[in-house]
Amino acid sequence: MCGIVGAVAQRDVAEILVEGLRRLEYRGYDSAGVAIVDDKQNLTRIRRLGKVQELSDAIDEQHVVGGTGIAHTRWATHGEPSEINAHPHISGDISVVHNGIIENHEALREVLKARGYEFVSQTDTEVIAHLVEWELRSASSLREAVQSAAAQLEGAYGTVIFDRKDPTRLVVARSGSPIVIGFGVGENFLASDQLALLNVTRRFMYLEEGDVAEMTRREVKVFDSQGQAVEREVIESNAEHDAGDKGQYRHFMQKEIFEQPTALKGTMEGRITHNSVITESIGVNAVEILSKVEHVQIIACGTSYNSGMAARYWFEDIAGVSCDVEIASEFRYRNFVTRPNSLLITLSQSGETADTLAALRIAKQRGYMAAMTICNVSGSSLVRESDIAFMTRAGTEIGVASTKAFTTQLAAMLMLVTAIGKEQGRVSSEKEAEIVEAIHALPVQIESALAFDKQIEALAEDFADKHHTLFLGRGEYYPIAMEAALKLKEISYIHAEAYAAGELKHGPLALIDADMPVVVIAPNNDLLEKLKSNVEEVRARGGLLYVFADEQAGFEEDDTMKIIPMPHVSEITAPIFYTVPMQLLSYHVALIKGTDVDQPRNLAKAVTVE
Ligand code: M6R
C-alpha cells in the first residue's frame with residue numbers, strides 16, 4: 001500500500017507532488033510527506049500526520065522551491081502512524097520513500113547500527129536510507145549504490161531515492177510493488193499508479209520486477225535485475241483525466257455506485273452481439289482454451305473473492321464446469337492439487353493485490369492450462385503476468401469500498417461462462433441468446449435499482465444505531481449477502497455477517513433478537529419457498545426483518561417485517577441487480593454514522609503488502 005510520487009523538472013514540483021498524492025490517497029492515508037531539493041542543494045522535508053490535506057496546508061505555509069522531489073502517502077505497516085514514521089526518511093544526504101515491506105529489516109537494522117547509524121523511526125524504510133547512504137560511500141553513482149542496496153533487501157517494495165548533492169537525479173527500484181514512469185518534455189515523473197500523473201503526462205512506462213531506473217529531466221535509463229540496460233515499452237494512456245474528481249457526488253463511493261450502468265456498458269462493449277458472446281474478444285487463444293477447460297480455480301481477496309463465489313454457481317450451472325474459489329492468502333500457503341485442464345482465474349480490481357499476485361506466481365508453476373485475470377487496471381502486475389487479461393473496463397475506482405468493480409467482474413464472468421458453455425456445446429444458441437439479452441438489459445436494470453436510493457436512505461436510519469446486522473441469501477445470493485455484509489462493516493463499522501439462510505438453524509438463530517436487523521435478499525426463484533421458511537424461523541424468534549423481495553415473491557409486510565419490493569428482473573442477472581440496493585444501504589448507513597466513507601479507518605484501496 002502507500003503511494004509514491006516523484007518528479008525531476010526545471011519548475012517547482014511541490015504542487016505536482018501534492019496533487020499526485022491526493023490522487024493516490026486511496027492507497028493509504030495515515031500520514032504524508034515530501035522531500036524537495038533545489039538546484040543549489042537546499043533540501044526541504046515536510047511530513048504530517050493525517051491526510052494529504054494536512055501536508056498541503058503545511059506546504060502552503062512555507063514557500064517550497066525545488067525541481068526535484070519525492071512524496072509519499074502512508075498506510076502504516078511497521079511503526080504507528082506518526083510524523084516520525086512518515087516518509088521521506090533521510091540518512092545524511094539521502095532521502096527515501098518506499099512502498100511495501102522489507103522483510104529482513106531487523107537483521108539489516110542490527111548491521112547498520114553496528115556501522116554507527118542511528119535509527120529515529122520504527123519503520124522498515126529507514127534501513128533503505130541508511131543502506132544506500134552506506135553503499136554510496138564506495139559506489140561510483142547513486143544508481144550503483146541503490147543496486148547494491150537492493151541486492152540486500154528481501155521483501156516486496158518500490159522505492160525512490162535521491163542524493164541532495166546530485167539534485168537533478170532520482171533513482172527508483174521496483175521489486176513487487178508497481179512503479180510507473182511518466183514522460184514529460186524536459187521533465188520526468190514517477191508514481192505508484194499512473195492516475196497520480198494524468199494531469200502532467202499521458203506517456204507512461206511500467207518498470208518490471210527487479211528493474212532499477214535512473215531519471216533526470218532529459219532521460220530515463222532502465223536496468224534489469226542483472227544490471228543490464230533495457231528498453232521497456234512506452235504506452236499512451238487513455239485513462240480518464242478527471243477520474244480523481246467526485247463531480248456532482250458527495251463521495252467517490254456514491255459516484256462509483258451510480259456509474260455502474262455506464263461501467264457495465266464498458267464491460268460488454270465489443271464482447272457480445274445482439275444474441276451471442278464473441279469468444280475471441282475474451283483474449284488470445286480463448287476459443288482453444290475455453291473449449292478444453294474442465295475445471296476453473298478462482299483466486300481473489302475481499303470483494304473480488306465474493307464475486308468469484310457468486311460466479312461459481314454460473315460456472316457449474318450454465319457452463320457445466322466444476323469451479324473452486326479460494327481466498328488468495330490461504331491458497332498461496334497450502335499444498336494444493338491442480339486438476340487436469342484447469343483454468344486459473346485471478347479476480348482483482350487493482351491487479352496489484354499482493355496475496356493474489358503471489359498466488360498467481362505460485363500457481364503458474366503448477367500446471368494450470370492457462371492463467372486468466374479478470375481485472376480493472378490495465379498495465380497492472382496481474383494483467384502483465386497472466387496469459388489472458390479480460391479487462392472489466394469499469395473505469396478508475398477510488399472509493400476504498402469496491403462497488404462497480406464487483407458488478408463488472410460479475411458481468412465479465414457471465415460472458416466468460418457463456419463462452420465456455422458455448423464452446424463446449426453445453427449452452428444452446430437459444431440459451432446463449434437468453435443470457436445475452438439479460439446482459440444487454442443490465443444497464444437499464446441497474447438504473448431501476450438506483451432509483452431506490454431515497455427509499456433506502458430512509459431505511460438506513462433503522463440500522464445506524466445498531467451494533468450488528470445479519471444478511472441472508474440462498475444459492476448465488478449467499479455471496480451477494482457476503483458482499484453486502486463486507487460493505488456494511490467496512491464503511492459503517494457495524495459488525496455484519498452473511499449466512500446462507502438454510503444454515504441459520506445450525507447456530508446463528510441464537511443471535512436473533514429485536515436489536516439485530518436481518519436483511520434478506522429474496523428474488524423470485526426456485527429457492528423462494530425455502531427462503532420463506534427461513535424468514536419464518538427469524539420471525540418466530542422476534543427478529544427484525546428487512547426483505548428486499550421480488551415484487552412477485554408474495555411477502556407481506558407487518559410490524560416485524562419491512563418489505564422493499566424490487567421489480568422483477570431476469571433470473572440470470574438478478575444477482576448483479578440485487579447487489580446495488582445493498583451498496584446503497586451501506587452507503588447511507590455510513591453517511592448517517594458520519595464515517596469516512598471513501599477512506600474508512602485502517603484500510604487502503606490497493607493492498608500491495610501481505
Ligand atoms: O484490488 P482487489 O480487487 O484485488 O482488492 C481485493 C480486496 O482488497 C478488496 O476487494 C477489498 O476487500 C475492498 N476494500 C472491499 O470493498
Side-chain angles (χ1 to χ4, degrees), residues 1 3 24-29 75 177-178 192-193 195 251-254 256-257 260 263 298-311 325-332 345-361 372-383 385-386 389-410 412-413 479-480 482-493 496 498 579-580 582-587 590 595-610:
M1 332 253 262
L24 291 185
E25 215 172 11
Y26 71 87
R27 299 178 66 91
Y29 35 81
W75 185 82
S177 296
S192 315
D193 180 337
L195 180 64
H251 294 100
F252 283 112
M253 182 187 180
Q254 185 191 26
E256 287 153 10
I257 291 172
Q260 288 178 109
I298 295 178
I299 306 169
C301 303
T303 287
S304 294
Y305 169 76
N306 292 340
S307 87
M309 286 292 286
V325 188
E326 192 160 342
I327 293 168
S329 56
E330 290 296 317
F331 183 85
R332 66 182 285 193
I345 302 181
T346 55
L347 297 176
S348 177
Q349 189 290 128
S350 63
E352 300 294 350
T353 300
D355 284 320
T356 311
L357 191 54
L360 167 70
R361 287 174 182 160
M372 173 186 285
T373 188
I374 297 182
C375 186
N376 195 38
V377 179
S378 50
S380 62
S381 302
L382 282 175
V383 166
E385 294 187 29
S386 300
F390 189 21
M391 304 308 298
T392 44
R393 304 183 192 143
T396 308
E397 191 181 71
I398 291 179
V400 165
S402 197
T403 51
K404 60 180 180 172
F406 180 80
T407 46
T408 53
Q409 279 172 355
L410 284 178
M413 281 190 282
I480 301 303
M482 287 161 59
E483 174 57 9
L486 176 59
K487 283 290 89 79
L488 188 69
K489 58 188 147 196
E490 186 174 23
I491 60 167
S492 74
Y493 316 150
T579 300
V580 177
M582 298 299 121
Q583 295 169 340
L584 290 170
L585 180 64
S586 26
Y587 175 70
T595 57
D596 192 341
V597 171
D598 284 332
Q599 295 176 338
R601 68 186 182 198
N602 307 338
L603 301 179
K605 180 71 179 161
V607 187
T608 57
V609 292
E610 194 180 345

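Fair warning: this is a prediction, and the values are worked out from it, not measured in the lab. Remember, it's 1-based here, ligands and their atoms both numbered in the order they're listed.
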**Fill in**
Going by the 4.0 angstrom heavy-atom rule, the piece of E490 near ligand 1 is side chain
**Item:** Region of K605 that comes within reach of ligand 1 [heavy atoms, distance under 4.0 Å]
**Value:** neither
**Asked** Can you find an N or O of V400 that's nearer than 3.5 Å to an N or O of ligand 1?
**Response** yes
**Prompt:** Would you say S304 and ligand 1 have an N/O pair spaced under 3.5 Å apart?
**Reply:** yes
**Fill in**
Heavy-atom proximity to atom 10 (O) of ligand 1, picking from T303, T346, V377, points to T303
**Message:** Please confirm whether K487 approaches ligand 1 to less than 4.0 Å, judged on its heavy atoms.
**Reply:** yes
**Message:** L360 and side chain to side chain contact (heavy atoms under 4.5 Å, CB included): which single residue from I299, I345, D355, T346 fits?
**Reply:** T346
Is the backbone N or O of [Y] less than 3.5 Å from a side-chain atom of [X], with the two atoms forming a donor-acceptor pair by type?
X	Y	result
T595	I491	yes
K487	Q583	no
Q409	S307	no
K489	A496	yes

Considering heavy atoms of the protein only, find what lies nearest to [atom] and give residue, atom and distance to 0.1 Å.
atom	result
atom 6 (C) of ligand 1	C301 O, 3.3 Å
atom 8 (O) of ligand 1	V607 CG2, 3.8 Å
atom 5 (O) of ligand 1	T353 OG1, 3.4 Å

**Request:** Report the C-alpha distance between E385 and R361 in whole Å, list the side-chain angles of each, state the deciding distance to 0.1 Å, and finish with yes or no for salt bridge (charged side-chain N to carboxylate O under 4.0 Å, His left out).
**Result:** CA-CA 8 Å; E385 294 187 29; R361 287 174 182 160; 2.7 Å; yes
**Request:** Output the list of atoms in ligand 1 that are nearer than 4.0 Å to some heavy atom of S348, sorted by atom number.
**Result:** 1 (O), 2 (P), 3 (O), 4 (O)
